[in-house]
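See structure below.
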Amino acid sequence: MSAHVLVAEDDPKQAELIRRYLERDDHRVVVVADGRAAIDEARRRKPDLVVLDVMMPKVDGLDVCRILRAESDVPIVLLTARTTEDDVLLGLDLGADDYITKPYSPRQLAARVRAILRRVRRVQDRGHQPLRVGDLVVDEQQHEVTLGGTALDCTPAEFRVLAALAAEPGRAFTRGQLLSQAFGMDKFITERTIDVHVMNLRRKLEPDPRRPVRLLTVYGVGYKLRDCPDGASA
């Protein structure tokens, strides 16, 4: 599963360590040391995945993430020493596909990269076939959600959670499974992350978010997207 990976890391030793581990997986790795160079390199070379340190000179990693996500759907893995859940949610809502807190092992990063690339390849192999659950349509290639023909404005993190649920309507997912399915992450952040995204999605999907009929809680398990003809009727 060889890929072209752009690594933006201003610590030379850390950057070289990341390069060596990713090259062991036969990835072609380009390293840059600041945010401005990361943007320029991503625009020029169109990498398959970007590993992006948050604290970088010239342009902050979160701003780089915001800019790249506005221009493309390239997978982005953020590396940061910021460990609060609010920081994690901010990174994911800006469009990051994964968020790894320091200190971390290079093996962990390489495994996350493999998981994200597998997920991207599965979408590509399936072709441009939007996910449909009743009148809800989730288009992973166009990154669009419509409900009854009306476009919904979802954050990148909300989109990934909804896409994971829509890929298997009727299946009950645990919060941990949704974290893994949507972000390729271990439980290095609390599972409350999923609860927050579900709460926000219900505001957009449900006629009455307090009495959901589409995105249901499965008590003792987690959540599921109801599989019924119109997405809402009994």
Side-chain angles (χ1 to χ4, degrees), residues 1-121 143 155-160 179-180 182-190 193:
M1 198 186 300
S2 176
H4 174 205
V5 180
L6 171 61
V7 175
E9 168 62 75
D10 63 328
D11 183 328
K13 291 183 179 179
Q14 191 67 22
E16 182 57 27
L17 190 60
I18 293 171
R19 179 204 294 272
R20 285 194 277 113
Y21 269 83
L22 292 179
E23 287 180 343
R24 288 180 186 178
D25 284 344
D26 294 325
H27 299 311
R28 303 179 305 282
V29 181
V30 174
V31 175
V32 297
D34 65 74
R36 180 72 259 173
I39 295 168
D40 293 341
E41 190 69 17
R43 287 171 172 169
R44 180 167 55 249
R45 293 183 180 266
K46 310 296 184 186
D48 298 308
L49 184 141
V50 177
V51 176
L52 180 62
D53 187 34
V54 168
M55 302 297 291
M56 282 194 304
K58 296 188 178 180
V59 181
D60 180 86
L62 292 178
D63 288 331
V64 175
C65 181
R66 184 185 296 108
I67 291 167
L68 294 184
R69 182 55 68 240
E71 298 178 353
S72 76
D73 59 357
V74 61
I76 298 171
V77 179
L78 289 178
L79 308 176
T80 183
R82 300 174 181 174
T83 59
T84 71
E85 189 171 33
D86 286 344
D87 288 326
V88 174
L89 290 173
L90 174 60
L92 296 176
D93 282 342
L94 287 175
D97 293 79
D98 205 345
Y99 192 108
I100 302 179
T101 56
K102 298 178 180 181
Y104 63 88
S105 75
R107 290 178 61 190
Q108 178 192 29
L109 172 59
R112 302 281 184 86
V113 168
R114 289 194 297 270
I116 292 171
L117 290 173
R118 281 196 300 268
R119 189 166 67 249
V120 169
R121 299 284 164 81
H143 211 273
T155 68
E158 290 166 5
F159 182 90
R160 288 192 292 275
L179 279 172
S180 177
F183 307 113
M185 297 182 297
D186 298 328
K187 297 178 186 177
F188 72 103
I189 58 175
T190 70
T193 302

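Counting from 1, the numbers follow the sequence of the chain as shown. These numbers come from the heavy atoms of this one structure, side chains and all, not from hydrogens, waters or symmetry mates.
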With a cut-off of 3.5 Å and sequence neighbours excluded, list every side-chain donor-acceptor pair involving residues 56-66.
| unit_1 | atom_1 | unit_2 | atom_2 | d |
| --- | --- | --- | --- | --- |
| Asp60 | OD2 | Leu62 | N | 2.8 |
| Asp63 | OD1 | Arg66 | NH1 | 2.4 |

Which donor-acceptor pairs under 3.5 Å do the side chains of residues 29-43 make with protein atoms, sequence neighbours left out?
| unit_1 | atom_1 | unit_2 | atom_2 | d |
| --- | --- | --- | --- | --- |
| Asp34 | OD1 | Arg36 | N | 3.0 |
| Asp34 | OD1 | Ala37 | N | 2.8 |
| Arg36 | NH2 | Asp40 | OD1 | 3.2 |
| Glu41 | OE1 | Arg44 | NH2 | 2.4 |
| Glu41 | OE2 | Arg45 | NE | 2.1 |
| Arg43 | NE | Glu71 | OE1 | 3.1 |
| Arg43 | NE | Glu71 | OE2 | 3.2 |
| Arg43 | NH2 | Glu71 | OE2 | 2.5 |

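Using a 4.5 Å cut-off on side-chain heavy atoms (C-beta onward), His27 and Leu49 make no contact. Using a 4.5 Å cut-off on side-chain heavy atoms (C-beta onward), Leu109 and Leu79 make contact.
Separating the CG atom in Leu94 from the CD1 atom in Ile76 is a distance of 9.0 Å, to the nearest 0.5 Å. With rounding to the nearest 0.5 Å, the separation of CG in Leu17 from CZ in Arg19 is 11.5 Å.
Closest heavy-atom contact between Pro47 and Val74: O-CG2, 3.4 Å. Looking at every heavy atom in both residues, Leu52 comes nearest to Ala8 through CD1-CB, 3.7 Å. Of all non-hydrogen atoms in Tyr99 and Arg112, the two that sit nearest each other are O-NH1, 4.1 Å.
A salt bridge is absent between Glu16 and Lys13; no separation between the charged side-chain nitrogens and carboxylate oxygens falls under 4.0 Å.
Residues satisfying the salt bridge (Lys or Arg N to Asp or Glu O under 4.0 Å) criterion with Arg69, sequence neighbours excluded, are Asp97. Partners of Glu23 under the side-chain hydrogen bond (donor to acceptor under 3.5 Å, both in side chains) rule, at least two apart in sequence or in another chain, do not exist in this structure. Contacts of Phe159 classified as ring pair (Phe, Tyr, Trp, His ring centres under 6.0 Å), with partners at least two apart in sequence or in another chain: His143.
Residues in residues 46-56 take part in these salt bridge (Lys or Arg N to Asp or Glu O under 4.0 Å) pairs, two or more places apart or across chains: Asp53-Lys102.
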